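Here's the structure, in structure tokens; my notes come after.
All of these numbers come straight from a predicted model, not from anything done at the bench.
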Amino acid sequence: MTQFLTDHGVVVAVVCAAVAVLYGILTTSQLLALSPGNEEMQRISGAVQEGAKAYLTRQYTVIAGVGVILFVALIFIQNISVAVGFLIGGILSGSAGFIGMNVSVRANCRVAESARGGISPALKVAFRGGAITGMLVVGLALFGVAGYYGLLTSAFDKTPKEAVDALIGLGFGGSLISVFARLGGGIFTKAADVGADLVGKVEAGIPEDDPRNPAVIADNVGDNVGDCAGMAADLFETYAVTAVAVMLLGVLTFQESTAVALYPLVLGGAAIIASIIGTYAVRTTTGNVERALYQGLIVSGVIAAIAFYPITKWMMGDLHYRGTGALTPPSVTDLYLCALVGIGVTALLFVITDYYTSTRFRPVRRTAEASQTGHATNIIQGLASGMQATALPALVLVLGILASWKLAGGGTRGIYGIGVAVMGQLSLTGLIVALDAFGPITDNAGGIAQMANMPEEVRAVTDPLDAVGNTTKAVTKGYAIGSAVLAAIVLFAGFKAELAAADVSTIFRVDDPAVLMGLLIGGMMVVLFAALSMEAVGRAGGAVVEEVRRQFREKPGIMEGTDDPDYATCVAIVTAAAQREMIIPSLIPIVLTTVVGLISTQALGGLLIGVIVVGFFFAVMMTAGGGAWDNAKKLIEDGAFGGKGSEAHAASVTGDTVGDPFKDTAGPAINPMIKVANIVAILIIPIIT
């Protein structure tokens, strides 16, 4: 078995990836065979589909223009293999998001129709719709990494090290799509949401998802392009980049280059099978939706944990460090425990994020309670909750890093253990993306039920599903941030290893002025990126507000039901704004990293450290704080502290409006930004050394 996995590890990984894609195809076929509901439901769903497709088509057109320039640049900076890898990564990442989003916007009306039969059938349809995106993300990511590695080593006789170097380009391709998709999608969804809420809820006093609101379709489109396509691109990139980074560290650290290069790929393949099995464990007979979703995650995690040990024993049982025979490499048990540490970190991040963003716990309740004394106290408490929410995740990551680093032997070689831990963490990516995509699907289903005037018993099913979807979206963002930080640490280790190979100093002392300047620039990049993202939402949201006000003013029949609102104009406004506003922030990690690298490698090292540290705290603070504001509003709307129409409710809407670009635009977009900076640093080494 050992020799089989070493000789045929690529085949094993590609077959498992193909199984994930096949699962996506078959499940899509089953989903689309379900009834999409009556004519009105199909009309509303069709408008969402049309808007989402138009937005993503335009977004990918913009990205393609940037991509062509970077493709040509990589040929000269690196080589054609890296440039082709970049192209493959970009195409596969874009495909995962585009296909998954197109399935999600078709699942929404089918969930609403299935809700006529109760919680269980509606849950099944909504989760399977999300699972399609999840399996496509991990399947296409693993297929790209394993397939391109196999092609380079077999057809082009590349060494494992040369092949892995080319794969860094693939990771960069996924990263480029990710930062644009996260940021552009986030600007779109929150601009539409802010405009719909401020004029519809606050000024006109109409319910959420009321068909009289001209921004309601744009809001539903935004849920999909932001949370579905955006998260898909984000975790595709994290999955591919981490696998490549662990492969790179492995071939630089150990003599058995083929085995260590294939090890993370085989782990990923086993985890895909575990994830597919886990999807069938998501079911409920009691109506407890959250428990049903998490039991699928637990089943997948347990199966992956069991499978990891024999794989580690077969592939990593006889390792030797490069350059020395005196040191003892980590044992099979040590590496296996590193993988378990990654799974444990995931579980803890889920629990912690749930605590800070769920209506069941103190942080959200305190924010809702603070709304009773006004808008300012709501904002103060929401900010405080977001800041407090950074402490426990930071400690979890510190303990996870310490444990996996120690298990792998400590020192510079112990970094490999952190890489294995991140691969363990990413073993659950398929189901994590499924949980995230579950959110916009159920949100849209509830909107369709409202706009199509479906019976109250249908809303009694879609509303609880939507509430759980809000929680799963929040906790999956916590997971994405944690995995991004650990992946960035592994990438930084790869950056240092490549510098060492070029005989450049890899010691970054904080009392070195160049390093200190780099640290400050790295921190500045994160803060500037977040600020520009927030401003973009404010400007685009303001344009939507003016448009909705104009329609209400010029078409008084809209409120009386005798005039139809113009949905298309609002969609066009936020589409154009998102494309325009995403360019400059998205280029920050590429341009500034390159400029600093050309000036000083020491400053570049400091920059990467600054980006990782400041990026983590900003991302957690913004996503957790935004989640607390969102669910505080929902808690009040469910009757707490005066309920709808109260002063507390008005204050909570303000908090939610501020929190929306926090949790769905700037915060999540920081994840890919951190990794883009680290990948760019690796890619420009040939021109800075």
- Query: Distance-only, no hydrogens or angles: does the Thr601 side chain make a donor-acceptor pair with backbone N or O of Gly597 under 3.5 Å?
  - Reply: no
- Task: Step by step, work out the side-chain contact (heavy atoms from CB on, under 4.5 Å) result for Val138 and Leu142.
- Result: CA-CA 6 Å; Val138 292; Leu142 185 60; over 6 Å; no
- Residue pair Ser275 / Ser427: nearest heavy atoms and the distance that separates them: OG-O, 3.6 Å
- Note on the structure: Sequence neighbours excluded, the answer for side chain to side chain contact (heavy atoms under 4.5 Å, CB included) partners of Leu592 is Met524, Met525, Ile588
- Task: Could I get the full list of ring pair (Phe, Tyr, Trp, His ring centres under 6.0 Å) partners for Phe254, not counting sequence neighbours?
- Result: Tyr321, Tyr416
- State whether the side chain of Thr153 and the backbone N or O of Gly150 hold a donor-acceptor pair below 3.5 Å, judged by distance alone. yes
- Query: Gly139 and Ala17: which non-hydrogen atoms are nearest, and at how many Å?
  - Reply: O-CB, 3.3 Å
- Expected output: side-chain Tyr60 to main-chain Ile177 donor-acceptor under 3.5 Å: no
- Item | Nearest-0.5 Å distance, CE of residue Met582 to CD1 of residue Ile187 | 8.0 Å
- Item | Whether Glu498 side chain and Phe495 backbone form a donor-acceptor pair below 3.5 Å | no
- Query: Where is the tightest heavy-atom contact between Phe236 and Ala96, given as atom of each residue plus distance?
  - Reply: CD1-CB, 4.5 Å
- Query: Between Ile415 and Ala493, what is the shortest heavy-atom contact and its length?
  - Reply: CG2-CB, 3.2 Å
- Task: Take atom CZ of Phe143 as the centre, draw a 6.0 Å sphere, and report whether it contains more than 12 heavy atoms from other residues, nucleotides or ligands.
- Result: no
- Without swapping roles, check the side chain of Ser257 against the backbone of Val251 for a donor-acceptor pair under 3.5 Å. no
- Message: Using 0.5 Å steps for rounding, measure from the CD1 atom of Ile91 to the CG atom of Leu140.
- Response: 11.5 Å
- Task: Nearest 0.5 Å please: distance from the OH atom of Tyr479 over to the CG atom of Leu297.
- Result: 9.0 Å
- Task: Evaluate the side-chain proximity of Phe98 to Lys53: yes if any heavy-atom separation is below 4.5 Å, no if none is.
- Result: yes
- Message: I'd like to know whether CD of Glu162 has more than 12 heavy-atom contacts from other residues, nucleotides or ligands below 6.0 angstrom.
- Response: yes
- Task: Side-chain contact test, heavy atoms from C-beta onward, threshold under 4.5 Å: evaluate it for Ser533 versus Leu183 and give yes or no.
- Result: yes
- Item | Val145 side chain reached by Leu167 side chain, heavy atoms, under 4.5 Å | yes
- pair Met315-Leu262: side-chain heavy atoms closer than 4.5 Å: yes
- Query: Does Thr429 use its side chain to pair, donor to acceptor, with the backbone of Leu426 at less than 3.5 Å?
  - Reply: yes
- Task: If a pair satisfies side-chain hydrogen bond (donor to acceptor under 3.5 Å, both in side chains) and one of its residues is in residues 13-32, list it, with sequence neighbours excluded.
- Result: Tyr23-Thr279
- Note on the structure: Heavy atoms of Pro589 and Ser586 approach each other most closely as CD-O, 3.4 Å
- Item | Pair Tyr149-Val244, side-chain contact (heavy atoms from CB on, under 4.5 Å): steps then yes or no | CA-CA 10 Å; Tyr149 175 87; Val244 174; over 6 Å; no
- Item | Main-chain N/O of Gly278 paired with Ser300 side-chain donor or acceptor, under 3.5 Å | no
- Item | Ionic contact status for Glu581 with Lys190, cut-off 4.0 Å | no
- Taking it one step at a time, do Ile674 and Leu491 satisfy side-chain contact (heavy atoms from CB on, under 4.5 Å)? CA-CA 10 Å; Ile674 294 171; Leu491 284 169; over 6 Å; no
Please tabulate, for side-chain N and O atoms in residues 79-88, each donor-acceptor pair with protein atoms closer than 3.5 Å (sequence neighbours left out).
{"unit_1": "Asn79", "atom_1": "OD1", "unit_2": "Ser81", "atom_2": "N", "d": "3.0"}
{"unit_1": "Asn79", "atom_1": "OD1", "unit_2": "Val82", "atom_2": "N", "d": "3.0"}

- Side chains of Asn678 and Ile612: closer than 4.5 Å at any heavy-atom pair? yes
- Item | Spacing of Ile682 atom CD1 and Gln78 atom CD [to the nearest 0.5 Å] | 10.0 Å
- Query: Pick from Thr623, Ile481, Ile432: which one makes a side-chain contact (heavy atoms from CB on, under 4.5 Å) with Thr476?
  - Reply: Ile432
- Is a salt bridge present between Lys158 and Asp165, judged by a nitrogen-to-oxygen distance below 4.0 Å? no
- How about Tyr336 and Ile311: do any of their side-chain heavy atoms sit closer than 4.5 Å? no
- Report the distance from atom CD1 of Ile401 to atom CG of Leu486, rounding to the nearest 0.5 Å. 5.5 Å
- Item | Pair Thr238-Lys675, side-chain donor/acceptor within less than 3.5 Å | yes
- Item | salt bridge (Lys or Arg N to Asp or Glu O under 4.0 Å) contacts in which one or both residues fall within residues 170-183, not counting sequence neighbours | Arg182-Asp234
- So, for Ala500 and Thr506, which heavy atoms are closest and what is the spacing to 0.1 Å? N-CG2, 3.7 Å
- Message: Under the criterion side-chain contact (heavy atoms from CB on, under 4.5 Å), I'd like the reasoning laid out for Ile77 against Leu683: C-alpha separation, chi angles, the key distance, then a yes or no.
- Response: CA-CA 8 Å; Ile77 295 172; Leu683 289 172; 5.6 Å; no
- Would you check, one step at a time, whether the test side chain to side chain donor-acceptor pair (under 3.5 Å) holds for Ser483 with Gln425? CA-CA 7 Å; Ser483 60; Gln425 187 180 20; 5.0 Å; no
- Does a side-chain heavy-atom distance below 4.5 Å link Asn671 with Phe616? no
- Any chance you could measure Leu608, atom CG, to Ile489, atom CD1, to the nearest 0.5 Å? 12.0 Å
- Message: Considering only residues two or more places apart or on different chains, which pairs with a residue in residues 478-487 satisfy salt bridge (Lys or Arg N to Asp or Glu O under 4.0 Å)?
- Response: none
- Item | Side chain to side chain, Thr472 and Asp436, heavy atoms closer than 4.5 Å | no
